[in-house]
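Each remark here refers to the structure printed beneath this line.
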Amino acid sequence: MKVVLTGSKPTGTPHLGNYLGMIRPALELAERDEVLCFIADYHALTTLTRGEKVRDLTYQAAATWIALGLDPKKMTLYRQSDVPEVCELAWILACSTSKGLLNRAHAYKAAVAANRLRGRDADTAVNAGLYYYPVLMAADILLPAADLVPVGLDQRQHVEFARDIAGHFNSVYGPILTIPEPLIDERVATVPGIDGRKMSKSYDNVIPLLAPPEQLRKSVMGIVTDSRTSDQPKDPDTDVIFQIYRQIAPDEAVERMQTGLRRGGMGYARTKEDLFTVLVERFAGARKRYRELLPDRPELDRLLLEGAKRVRARAVPVLARVREAVIGEP
Ligand code: TRP
């Protein structure tokens with residue numbers, strides 16, 4: 001059985017892209033592998049400075065996972081900050097990681113490029129946490145000795161960094177860390193958001209998943225379309241509504257929409273309505289469970305702490321070997 005690790009940063013309300021890109025694949029993998037899911041609240045500190053907000057979003061993420069079917073008996077759900085060994089390992093790893101590697105991180109490079117474009121100093125408003133982010137992420141992955149890390153394309157480099165960091169550590173200290181592999185789900189690499197770009201909270205183009213139906217309707221109706229009329233044929237491969245619909249609707253319904261678009265006679269009002277309906281129906285049970293769970297923070301804490309206990313049982317021996325290697329502790 002492989003150990004699969006999946007994490008998300010609590011910086012926004014969970015959306016359909018999170019479900020398709022991360023939650024659904026993790027639930028599927030849990031049928032045969034050991035799956036660890038965590039909420040990376042320490043990573044969120046590179047952008048969020050209000051503790052209350054971090055906490056609210058962390059509970060939203062936890063309630064979302066459980067509402068969508070994570071069974072805490074079969075899978076391990078935990079909060080990063082409940083596993084202090086992560087930070088300890090991150091520092092140790094930082095000391096055998098070359099600074100040049102971190103200079104090449106996409107997120108850091110993008111921040112520098114944006115500053116240059118505005119004629120500012122390269123590191124203006126770049127906190128050291130943003131720079132160090134890939135090291136903390138490597139520690140998340142290496143501490144419980146994960147074999148597989150399912151991620152979207154945007155996170156691939158981070159997993160590759162974790163491999164490099166582990167490989168270098170092992171070359172200095174011996175074969176202690178497990179080298180992880182990224183797992184990219186090709187089906188969902190490109191779920192578009194309501195403006196046609198990749199669905200992402202940083203583009204503010206997401207479809208909220210477990211929000212009340214009125215809010216969901218607003219978001220679906222806001223999908224940007226062109227001015228073609230209902231009669232005009234449309235290409236399903238480039239149609240944003242269809243690209244989202246095909247991820248969640250039953251096969252026959254997907255085929256029906258696909259044929260209708262190609263043939264003509266299927267307008268955007270109709271396809272939006274179909275998408276809205278399938279979103280409401282498919283997640284009705286999850287929406288209800290979410291509403292019940294979210295206010296029950298003691299229960300969510302209980303589940304998260306239980307998960308942290310389990311992952312720490314895996315982590316403590318790994319960290320002990322690492323400490324022994326780097327500072328000679330028996
Ligand atoms: N960087 C990831 C994101 O932005 C979150 C994350 C942190 C993560 N640590 C991880 C993902 C470890 C997978 C494994 O979504």
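If you read the sequence from its start, that first residue is 1, and numbering goes on from there. Each ligand, and each atom within it, is numbered from 1 in the order the structure gives.
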Proximity to ligand 1 by part of Val149, non-hydrogen separation under 4.0 Å: side chain
Part of Gln155 with heavy atoms under 4.0 Å of ligand 1, whether side chain, backbone, both or neither: side chain
Residues Glu34 and Lys74 bridged, charged N to O under 4.0 Å: no
Geometric cation-pi criterion, Lys309 with Tyr78: 6.0 Å, 45°: no
Ion pair check, Asp56 and Arg297, cut-off under 4.0 Å: yes
Enumerated ligand 1 atoms positioned under 4.0 Å from heavy atoms of His43: 7 (C), 9 (N)
Check: Tyr133 N/O within less than 3.5 Å of ligand 1 N/O: yes
Separation between CG of Leu130 and NE2 of His43, rounded to the nearest 0.5 Å: 10.0 Å
Heteroatom distance test (Ser8, ligand 1): nitrogen or oxygen, under 3.5 angstrom: no
Residue pair Ile176 / Arg321, side-chain heavy-atom distance below 4.5 Å: yes
Shortest protein heavy-atom distance from atom 6 (C) of ligand 1, along with the residue and atom involved: Met137 SD, 3.8 Å
Residue among Val278, Val220, Ile223 satisfying side chain to side chain contact (heavy atoms under 4.5 Å, CB included) with Ile244: Ile223
Nearest neighbour in protein (non-hydrogen) for atom 13 (C) of ligand 1: Gly7 N, 3.6 Å
Protein heavy atom at shortest distance from atom 9 (N) of ligand 1: Asp140 OD2, 2.7 Å
Contact atoms of ligand 1, heavy-atom distance to Lys9 under 4.0 Å: 4 (O)
Pair Tyr290 + Phe283: ring centers closer than 6.0 Å: no
